[in-house]
Protein chains: 2
Amino acid sequence: MRTIREEGVQALTLRAAGKRLGVSRTALYRHFTDKSALLAGVAREGFQRFRQDLLAEWRDAGGGLDGLARMGVAYVRFALSNPSHYRVMFGGFSDLAAKDPELEADADAAFAVLVDALESLQASGDIIQHDREQLAQYIWATVHGIAMLAIDGQLGPDPAVAEALVPFATERLRLGIVARDA
Amino acid sequence: MRTIREEGVQALTLRAAGKRLGVSRTALYRHFTDKSALLAGVAREGFQRFRQDLLAEWRDAGGGLDGLARMGVAYVRFALSNPSHYRVMFGGFSDLAAKDPELEADADAAFAVLVDALESLQASGDIIQHDREQLAQYIWATVHGIAMLAIDGQLGPDPAVAEALVPFATERLRLGIVARDA
DNA sequence: ACCTGAACACCGTTCAAGT
DNA sequence: ACCTGAACACCGTTCAAGT
C-alpha cells in the first residue's frame, strides 16, 4: 500500500515488495495466488474505505440534497488524495474481480451508499421518482469522470481547476434530478 | 494499432510489433525515441479521429441542443468501439504528453469542438451564460465517466446498461444547463 | 539512414529443495 | 506451513557493428 501511494502502481513489483518486507520475492505466493490477486486485495481495501468516507459524509450532513452534494465532494477528494489507489480500484476492474469475487461485493457496497441516499431523497420527495439504479449510475459517472480527468492530468496541472469543477457539477446535477413540482 | 485493437495495450510489445512488421525489435527505435513516444503517437491519432467524429455529429444534427446530445452519444460510442485505444488516450495522459508535446494540442482540438458547440448554444440563448471552459469540462467529465465505467466493466457485463444510461444522462445534463427563462 | 544481434537490467512465475 | 534459490520465459533499452 505504501509503495503504491508513494511511487505508483507500476513501482509495485513482487521483488520490491518482498525486499521491503524482508522476505524473498516468491514468499508472497504463499499469501496470494498471483500479483493480480494481491492488487484485488488492494482494490477491496480501497472500496471499503471509500464506503466509510461516503457514509460518514452523508450522516454528518444529516442527509438531504446537501448530503448528496457533500458526498460528491468527498468522492472526488478521495480519488485525488489516493490517485494510485483509485486507479487500481477502477482500472481493469473486471480482470481483478475475476481473481477475487469478493471485490465485486465491496464495490457494490460502496455503490449502495449512493443508492440508499437516493432512496431517502425520493422518499422525502426531493428528487424525481426515477429508476434508482440508473440515477445512481449517472451521478457516479459524473463524479468518476471528474476524478479520472483530474487524476490523468487532463484538467491541466492546476488542482484548483478540478476543485472548482466539483461544486459547479454538483449544482448542475442537482438541477437535473430535483423534483419539479416546487 | 491492430494489435491494440485486437489484443489490448498490454499485448503491444516492441518485440511483437517488430515481428508483425517483419523487422527487428530494435528497429523501431529509428522511428520512435522509446515505447511511450509510440503510444503518444497512437493517442494523437485517436484524438484526431475523435475530433472528426464529434464534429461530423454536430454538423449532421445542424447544431442545437439536439446536436449536443448527439455528440454525447457519439462520444460514448467511440469509447466503447475502441476501448483499448481510448484507454491509451486517457490513461496516463500527462506522461505521454511529456513525451510528445503535440499530443496536448490534438487533445485540445478535440475538446475545442465541445467548447465551440457551447459557444453556439450560448449565442442562440439555448443554454446558460456561464464560463464555457468549465461548462465543457463538466459535460466532458459526464460522458467520460460513463465511458470509463462501461469500459472498465463497472456497469456490469451487459452493454445495454451503458447504452440506456447515455440518453438518460444527456437529458439530465440538458436540464442542468438549459436557459431558464423559457 | 536504417537495421541487426548480443547484452543488460529488469519483470512474474514455477519448482525442487530446505526448516 | 512457510520460505529459499535457481531457473524459465518474458520485457524495454543500449550499443557496437554491419549495409
Side-chain angles (χ1 to χ4, degrees), chain A residues 1-46 83-104 152-153, chain B residues 1-46 83-104 152-153:
Chain A
M1 221 78 93
R2 191 146 52 108
T3 302
I4 288 177
R5 176 157 29 84
E6 292 168 3
E7 305 172 58
V9 209
Q10 78 290 340
L12 180 72
T13 66
L14 296 183
R15 284 160 154 86
K19 181 171 272 180
R20 169 162 266 172
L21 297 167
V23 104
S24 149
R25 334 112 180 78
T26 56
L28 291 158
Y29 283 88
R30 287 291 128 195
H31 306 90
F32 299 95
T33 63
D34 58 14
K35 196 189 178 181
S36 35
L38 187 152
L39 286 176
V42 170
R44 287 192 58 193
E45 196 272 351
S84 296
H85 208 140
Y86 191 80
R87 251 195 274 260
V88 174
M89 290 160 64
F90 287 91
F93 175 78
S94 24
D95 289 349
L96 295 185
K99 291 279 175 180
D100 188 343
E102 299 188 82
L103 171 58
E104 197 142 8
D152 288 335
Chain B
M1 222 78 93
R2 191 146 51 108
T3 303
I4 288 177
R5 174 157 28 84
E6 293 168 2
E7 304 172 58
V9 210
Q10 79 289 343
L12 180 72
T13 66
L14 295 183
R15 284 159 152 85
K19 182 171 271 182
R20 169 162 266 172
L21 297 167
V23 104
S24 150
R25 335 114 180 79
T26 56
L28 291 158
Y29 283 88
R30 287 291 128 196
H31 306 90
F32 298 95
T33 63
D34 59 14
K35 196 188 179 183
S36 36
L38 188 153
L39 286 176
V42 170
R44 288 193 57 193
E45 197 271 352
S84 296
H85 207 140
Y86 191 81
R87 252 194 273 259
V88 175
M89 290 161 63
F90 288 90
F93 176 79
S94 25
D95 288 349
L96 295 185
K99 290 279 175 181
D100 187 342
E102 299 188 84
L103 171 58
E104 198 141 7
D152 289 334

**Asked** Quick one: B:Lys19 NZ to D:dC10 C1', roughly how many Å, whole number?
**Response** 12 Å
**Asked** A:Leu14 CG to D:dC3 P: how many Å, rounded?
**Response** 14 Å
**Prompt:** Could you walk me through whether A:Val9 and A:Val42 pass the side chain to side chain contact (heavy atoms under 4.5 Å, CB included) check?
**Reply:** CA-CA 11 Å; A:Val9 209; A:Val42 170; over 6 Å; no
**Asked** Checking only heavy atoms, does the side chain of A:Thr13 share a donor-acceptor pair with the base of C:dG12 at less than 3.5 Å?
**Response** no
**Prompt:** Rounded to whole angstrom units, what separation is found between the CZ atom of A:Arg30 and the P atom of C:dG18?
**Reply:** 16 Å
**Prompt:** Rounded to whole angstrom units, what separation is found between the CG atom of B:Leu12 and the P atom of D:dG12?
**Reply:** 8 Å
**Nucleotide paired to D:dC2 in any strand shown, Watson-Crick or G-U, under 3.5 Å** = C:dG18
**Item:** Distance in angstrom units between B:Asp34 CG and D:dT14 P, rounded
**Value:** 8 Å
**Item:** Distance below 4.0 Å between A:His31 side-chain N/O and D:dC3 OP1 or OP2
**Value:** yes
**Asked** Hey, does A:His31 have a side-chain heavy atom less than 4.5 Å from the side chain of A:Leu38?
**Response** no
**Asked** Is the distance from OP1 or OP2 of C:dT13 to the nearest side-chain N or O of A:Tyr29 less than 4.0 Å?
**Response** yes
**Request:** Specify the separation, in whole Å, of atom CG of B:Leu28 and atom C1' of C:dC2.
**Result:** 12 Å
**Message:** Nearest whole Å is fine: how far is D:dT13 P from B:Phe32 CZ?
**Reply:** 13 Å
**Message:** Using heavy-atom distances to pick each residue's nearest nucleotide on DNA chain C, tell me which of A:Arg15 and B:Ala27 is more 5'.
**Reply:** B:Ala27
**Item:** Flag side-chain contact, heavy atom, 4.5 Å: A:Lys99 against A:Asp34
**Value:** yes
**Fill in**
All heavy atoms of B:Val88 vs all of B:Leu96, minimum pair found to be O-CD1, 3.6 Å
**Fill in**
B:Leu21 atom CG is separated from C:dT4 atom P, nearest whole Å, by 11 Å
**Prompt:** With nearest nucleotides of DNA chain C determined for A:Thr26 and B:Ser24 from heavy-atom distances, which residue corresponds to the more 5′ nucleotide?
**Reply:** B:Ser24
**Prompt:** Do B:Arg25 and D:dG12 share a donor-acceptor pair, side chain to base, under 3.5 Å?
**Reply:** no
**Identity of whatever pairs with D:dG12 - Watson-Crick or G-U, under 3.5 angstrom** = C:dC8
**Request:** Working to the nearest 0.5 Å, report the span between CZ of B:Arg15 and OG of B:Ser24.
**Result:** 9.5 Å
